[in-house]
Amino acid sequence: ILNNIFNHVPRLAFSYSFIIFIPFFIDLFRRGFNIWAITPEERGKHDKQFDSLTPTLGYVSGDQARKFFLQSGLPSSVLAEIWALADMGRDGKMDRLEFSIAMKLIKLQLQGQPLPSSLPSIMKQTPVPVMPSAAHFGMGSMPNLSVMPVMPMLTPMPLGSSVTSMTSVTSMNSLTSMPAVPPMMPGALPMPLIPDSLSMPALPNGTATLLAPTPAVPLSTGLSKSHSLLDLASSSSNSSSTTSLASNSPKTGASDWAVPQSSRLKYRQQFNSLDKLMSGYLSGPQVRNALTASNLTQTQLATIWTLADIDRDGQLRAEEFILAMHLVDMAKTGHPLPLSLPADLVPPSFRSAVSSIFHALSHFLSLFLSVSFEDKLKENFQKGSMELEKRRVALQEEQRREEERRREEERREEERRQQREREEQERREREARELALRRQREEERRMEMQREMERQKEEERLKELERQEVLFHYSIEHLLKDEAVKGNKIINRRSLTLIFALALQVDESTVREPGWLYGHYEGKSGWFPESYAEKNNKDQADPTAAHSHTTVPPADYSSTNILLAVALCDWTANTESHLGFSKDDIITVLEQQENWWYGELRENRGWFPKTHVSMMTTNNTHTEETDSETEVSPESGDLTFRAEDVVLVTEKEGEWWRGSIGDKSGLFPSNYVKPKDSDTAKSSKKPEIAQVIAACITTTPEQLSLTTGQLILILHKNSCGWWLGELQARGKKRQKGWFNSSNIKLLEPNSGKTTPAPQPLCQVIAMYDYKAASEDEMSFLKGQLINVFNKDDSDWWKGELNGVTGLFPTNYIKMTTESDPSQQWCADLLSLDSMSSEERKRQGYIHELIHTEHTYLQDLELVLEVFYKPMTESGRLTEAEMGVIFVNWRELIMCNTKLLKALRVRKKTAGERMPVQMIGDILSSELAHMQAYIRFCSCQLNAAALLQQKTDASPDFKLFLKKIATNYRCKGMPLSSFLLKPMQRITRYPLLIRNILENTPAGHADQANLQEALDRAEELCSQVNEGVREKENSDRLEWIQNHVQCEGVIEHLVFNSLTNCLGPRKLLHSGRVWKTKSSRELWAFLFSDFLLLTYTAKQFSSSTDKLFSPKSNTMYKMYKTPVFLNEVLVKMPSDPSSDDPIFHISHIDRVYTLKADSISERTTWVQRIKAASEHFIETEKLKREKAYQARSQKTSGIGRLLVTVQEAVELKPCKPNGKSNPYCELSMGAQCYTSRPQNDTVNPKWNFNCQFFIKDLYQDVLCITIFERDQFSPDDFLGRTEVPVATIKKDQEGKGPLTRRLLLHEVPTGEVRVRLDLQLYEQGPLL
C-alpha cells in the first residue's frame, strides 16, 4: 500500500500542478497568436531605442519622436494616425509604454497590417516575460513540484512511431488509478502542436516526422528510473540521448551546440543585414535568396526549412536562421541531412523547461480542445473559399476601376488628339495664309522694285538725251567761233566721234536700230545718231564731179609738194575715179581738196576721203597732223585735254569743274569725264614703278616735287607728257600729283618672280561670225570658244581668242556648259532645249551641288596632305595642340565622303549626263549624320586662337607655315583660310537645297524629301550656331571626354555630338553626391539624354581639383551603366522638410538613394532630372506620332509595289564584338516604312512586309537603307541600295513576283534580299 501511495504521489502532484496552471497556459497560448501583443524582446528593443533619444524626465518630446519615426519612410498622414493611437495621455509627449506602442504599430504598418480604429487593450498591458523555470510561474512554493521530474527534450520522430507512442501511453493509463486523466501521463510529454501547413513536411525518404519528447534525468534521487512514467515515453522513442535540466538551460547549453562559433557569428551578421525592419525574425521571401544562393535542390531546401523552423511559425528567428545555414553548409559538403533534428543541433533557447512545457501544453490543448481533422480541414476550406471570394470580388472591382480608368484615358487621349488635330489644322491654315500674304508682299515688292528700276532707267535715259543735246549745242556754239574745232564727242564708247561738216562713209546694208547709222571715219567704225548728219549729194561730196572732163590731174606735180599718207583702214573705190586701198598702205598725196585728196598707189591714181588716212612726215616737210580728238578751249581759262587723258580734279562747282593736267589747269565740263577709280580697280595690269633721274621743284600744288632716286608708282600716262603718279616715300604720307615724264625712267620688272596669268572668268561660244570694226575689238567665227576676262559692260565683254585680246558684243555669243551651272549637267544641247526652263535650272543646281561637294572634299583632303602631315612630322606642336587645331578633321572627311558617294551612285543610276530625278532623300539622310560639324565649329575659335598664338610667339613656326602654304594646290591660301571652309560649307547647304526646291514643281516625288532635307540643313546650321554660342557647354563636354574613362556600352561615346533624337548633347548639371548606405563619394553628370555616375579613379595631386578646370588631372571611372532619362523616375523623400538632403532615382529594377551637398542642391538635381526626363519622353512620343501619321495617310496612284525585305547578309559590324543591331528603312518619295532592329547580328532576318503606291512609273525609285541602332548618337549608316520602278516592271514582265539580291552601296560589304511584286491598275495608257 505504502509503495502504491508512494508511486502515485509524483503523478498526483504533477497532475495537480498541471490542472492549476491550465488557465494560465491557455491565456498564454492565446496571447501568442495575438498580432497586437508586444513581446518582451520587442519591448526590450523599444526601450533601448527610447533611451537612445535621451529622454527628459522619462519622456521624449514630439519633435524627437517625429524625426525618429520619419526614418521608417511612412507617409506623414500615417504617422499622424499612429501618434493619435499611441499618445494615450494626449500630452504631446511619450513615455516608454507609449513609445513601444507606437513602434509596434509602425512595424505592423510596414508589414502591411492596417491600423486599428482604436488601440487594442492588449497593447496597454505589460508584456509577460518567458519564465525559465517553474518557479517563475508561482510553483516554487509547492512541495509537490520539488520532486517533479524534468521535462524531456523534444526530438523529431517518425509519424509511424508516434502512433505507437500514443498507444503505449494509453496502455499505461490503464494501469493507473486515475481513469479521468487524459492519455498523457506526467513524465511523458506528447508531440507539440504543429501548424497545418507544416505538420507533415516531406523528407527525402518520404517519411513525415513529428517532434517527440526526449527523456531527461529526474532531479529527485529518491525515484527510480524504472518506476517513473518517463520510461514509457523513452521506451517508445528512437532517441537514446539523455540530458539534465542543467544542460537544457541557455547558459550551459550554448557550449555544446553543434554549430561552430565562427558560423554563428557569420550567419548572425547575415541575419542582421537581412532583418532591415529589426523585427527579430525573417519571413520566407526574405530567406529565399540566401537559401537559393547555395544551389541546392528544392527537396533539400524544403528539408532544411522543416528542420530549422522548430516552432513551426513560418518564420526564422536568429538561431533558427543560423541552424538553417549550418544545415546548408552540411549539405554542400556532402553530409546527409538527418531525418530528425539531433539534440546537439537544437538551439539552446529551445532547450529550456518552459519551452518544453509550452510545447507539451500546446499539444495537450490541441488534443483536449481541438476538433477533428475533418472539421479543421472543412474550416480551412471555408476560410480559403471566403478569402478567394473576397479576392475575386476585389479583383473584379479593381478590373472595373481599371476599365473605367482606361476608358477615361482613351476619352482624354481622343480629346487631346482631336485638339492637336485642330491646332495642327489651324497652324497649317495660318501658315498657308502667312505664306500667301508673304508671297503677295514679295510680288508687290518685286513689282515695285521693277517699276522703280524702269523709272530710274527712263530718268537716266532722259538725262542722257538732255546731256547730249546740251553737249551738241555747246559744241555747235564753239565750233562756229573756231573752225579748227569741228567735233562734238559722244560719250558712248561704241559710238563714233563726229566732226562738224565732215563726210562719213555709211554702210546702209548693216541692220540698224531706228535713228542710228553705222559708218566709217579715219579708220574707226561705229554707230552715230542719224539726226547728227545729213546725206550729201554726190556733186558736193565727190570732187571728181568737177573733173569729169579729165580722168587724170595734171602730171607736173612738184616734188616739194608731194606728201605721204598712211591708210588707217580699208576703203573700196566706188567709181573709176576713186582710189581704193587697204589698211597701212602708203599713199602719195598729189592734190588736196577740202575733204577729198588725190593720190597715187601702185601706179594707180584717184580720189579718196582724207579722213581714211593720216599724214606722214618726210624729209621734205616738217608739218604734223593735229589729233582730231583734241579739245581746244574757246575761252581763256578752260582746260584742254584728249580722250582717255586723266584729269586731276581740284574743285567741283556745278556743271563746270576745275582740274589740272601736268602744268596746265583750268575749267572743263563735268559731263566730258567719268571717274577713273572704277577702271583702275578693275585693271589687271601689273603696276609700273619709275625712278627719278632729275630733280624738279613744283610750281603748283597739283605737281610733285621730285628728288633724284625717289620711286614713283605710275597711275596714268597722258599723251601730253605729263603723267599722274604716287610718290613712294618711306615713313611719309604718300602724295599723288603730276610730274614730267622726262624726269624719270621706268624700272624693269623683277625677272626673278613670275606673275601668274589672269584666269578667265568663263568661256563662251560664238553663235555667229563677227569682224572687228576697230582696233580694240576682236574678230571670231561661229563655234569658236572665247575666254572671258571682263564683264563690266553688259553689252561688250573683253575676251581672248588664239592670243588676241579685245572686245566683242555679248549678243553674238552664248554661255558654254562649262561656265553655266544651270547647263553643265547635260552634254546634248538638243536634250537641254527640249526641257522647260524650270527643269534646266533644277538640274543645273543639282549638278552644282555635286560639283562643289567634290571640290570641297578635295580641299579637306588637301589639308591633311599639305598641312597636317608636315606639321605632325616636324614636331613643332604637341599631339594635344594638333588636336585643338584640327579637332575631328578626319570625321568631316568621312561625313562628306559618304555624301559624295551617295550622290555619285544616284547620278550613275540615272545615267551619265542625264537628269537626276530624286536627290532629297540622300540629302535628308546624310545631313542627319553630320554631327561632327557641331563639334568642329564649336571648337573653331579655340583652334584659331591657338594657331595665332603659336604664330605670334614663334617666327620659325610662322615661316614654316608660310613655306608649306606655297604648294601650288593651296592657290596662295594659308591654313587659317582652309580651317574656315567647313563653316562656310555647312552654311551653304540650305542655299543649294533651297534653289533645287524652288525649281522643283509641285507634286514632284522629290518635293517632300527636299523639304525635309532643307529643314535638316537649317536645323544643322542652327545647331552649329548654337554650338558656337554655347562655347562653355562644348568646352565642358570636351573636358569630360578627356577626363572620364568610358567602358562597356559607352566605350566609344563622343560626348560633344548629337544624341539619337534630342539634337546636340548638353550638360545640364554636374556635381558631387554620396550613396546613402555606404557614404561612397560619386560624381554625377546630367546630360540631356542620360545620367552618368562616376567615381574618382586616379588623382595625381594631393588637393581636390575642381570640375572642368583646365589644370585638373583627375580621372574618373564609370560607376554604373548610364541611366537613360526616358526610363527614370526621381522622387523626393517622404518628408521633404527633412534636414537630410536625400533623393531617390528609380531606373527599371534599380533604385539609387543619393545624398546631395545641401537641400538647395538636392532641389536642383530633382528639378533638372524631372525636366530632362519629361522632355525626352515627349520628344519620343511626338516622333512616334509623326511616323504613325505618315503611315496612316491614304495615297493613290497608277499601281502599287509590294515589298518583302527577307534578310541581309555580311553587313558591316559596328560593335567591338563584331556584331550590329541593324534595321532597314524603305522609302519611295514621302512614303516610308521602318522595320524592327535585330540585336547582335550581321545577318538579320527581318521578313518585313510593306507596300508603296506608284505615282510615276519612270520616276519613282525604291530606296532601301540599312542602319545600326545606337542609343547615344544618331543611327549609323550600314548601306543603301536603289531599284527604279521601271526596272522592276521590265524584269517582272510576265514572270510574277521577283526575288532579288541587291548589293549595298557606299559600304565595303553587305547585300539584302527582297521580294518585289509590282501591280499596275491600268497598264494600257501608261505603257
Side-chain angles (χ1 to χ4, degrees), residues 30-128 275-283 285-286 315 387 390-391 393-395 397-398 401 405 1076 1129 1131-1140 1142-1144 1146 1151 1153 1159:
R30 291 176 178 173
R31 285 190 183 184
F33 291 93
N34 195 330
I35 62 174
W36 305 109
I38 302 176
T39 64
E41 293 85 353
E42 292 175 339
R43 181 60 182 270
K45 292 181 181 179
H46 298 163
D47 289 344
K48 291 180 182 179
Q49 294 167 347
F50 182 86
D51 294 334
S52 67
L53 298 178
T54 61
T56 304
L57 299 177
Y59 292 91
V60 292
S61 63
D63 187 56
Q64 290 176 308
R66 181 178 64 84
K67 292 182 179 179
F68 187 80
F69 293 161
L70 284 174
Q71 296 180 6
S72 64
L74 292 176
S76 300
S77 58
V78 177
L79 293 176
E81 295 180 14
I82 293 175
W83 178 276
L85 291 173
D87 188 11
M88 296 182 293
R90 300 293 188 268
D91 53 357
K93 55 187 178 179
M94 285 188 172
D95 56 11
R96 291 181 181 273
L97 178 59
E98 293 173 337
F99 182 81
S100 180
I101 293 173
M103 292 300 295
K104 179 67 174 181
L105 293 175
I106 290 175
K107 175 182 176 182
L108 294 174
Q109 180 67 20
L110 291 173
Q111 293 176 352
Q113 185 68 26
L115 294 175
S117 57
S118 61
L119 188 65
S121 58
I122 193 171
M123 300 187 73
K124 303 176 183 179
Q125 300 175 6
T126 302
V128 179
D275 188 13
K276 299 182 183 299
L277 302 178
M278 296 181 294
S279 60
Y281 57 85
L282 298 177
S283 63
Q286 290 177 298
Q315 300 170 340
E387 181 66 23
K390 183 170 67 175
R391 293 185 181 181
V393 173
L395 181 60
E397 182 66 20
E398 181 66 23
R401 288 196 297 267
R405 187 192 62 77
T1076 304
L1129 178 64
K1131 295 187 299 183
M1132 297 281 283
S1134 56
D1135 184 12
S1137 62
S1138 174
D1139 296 336
D1140 204 7
I1142 296 176
F1143 62 99
H1144 308 281
S1146 301
V1151 177
T1153 302
I1159 296 295

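We're numbering straight along the sequence, starting at 1. Just so it is clear, the model here is predicted, and its values are computed rather than measured.
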Which pairs, with at least one residue in residues 99-127 and sequence neighbours excluded, count as a salt bridge (charged side-chain N to carboxylate O under 4.0 Å, His left out)? Glu42-Lys104, Glu42-Lys107
Considering non-hydrogen atoms only, spot the tightest contact between Pro116 and Leu105 and give its length. CD-CD2, 4.2 Å
N-O pairing of Lys48 and Asp51 below 4.0 Å: no
Quick one: do Arg391 and Glu387 make a salt bridge, cutoff under 4.0 Å? yes
Using only atom types and a distance under 3.5 Å, with no angle test, would you say the side chain of Glu98 pairs donor to acceptor with the backbone of Asp95? yes
Could you give the distance from CG (Leu97) to NE2 (His46), rounded to the nearest 0.5 Å? 11.5 Å
Could you grab the distance from atom CG of Leu1129 to atom NE2 of His1144, nearest 0.5 Å is fine? 11.0 Å
Is any side-chain heavy atom of Leu85 closer than 4.5 Å to a side-chain heavy atom of Ile101? no
Under the 3.5 angstrom rule, does the side chain of Arg96 hit a backbone N or O of Tyr59 as a donor-acceptor pair? no
Residues Ile106, Leu74; criterion side chain to side chain contact (heavy atoms under 4.5 Å, CB included); working and verdict: CA-CA 8 Å; Ile106 290 175; Leu74 292 176; 4.0 Å; yes
Counting N and O atoms only, with roles assigned by atom type, does the side chain of Thr1153 sit under 3.5 Å from a partner on the main chain of Thr1076, one being a donor and the other an acceptor? no
Pro120 and Trp36: which non-hydrogen atoms are nearest, and at how many Å? CG-CG, 3.6 Å
Within the structure provided, determine whether Glu81 and Val78 are in side-chain contact (heavy-atom separation under 4.5 Å). no
State, yes or no, whether a side-chain contact exists between Met278 and Gln49 at a heavy-atom distance under 4.5 Å. yes
For the residue pair Asp87 and Lys93, what are the closest heavy atoms and their distance? OD1-O, 3.4 Å
Gln315 side chain to Tyr281 backbone, donor-acceptor under 3.5 Å: no
Within the 4.5 Å heavy-atom criterion, are Leu79 and Ser72 side-chain neighbours or not? yes
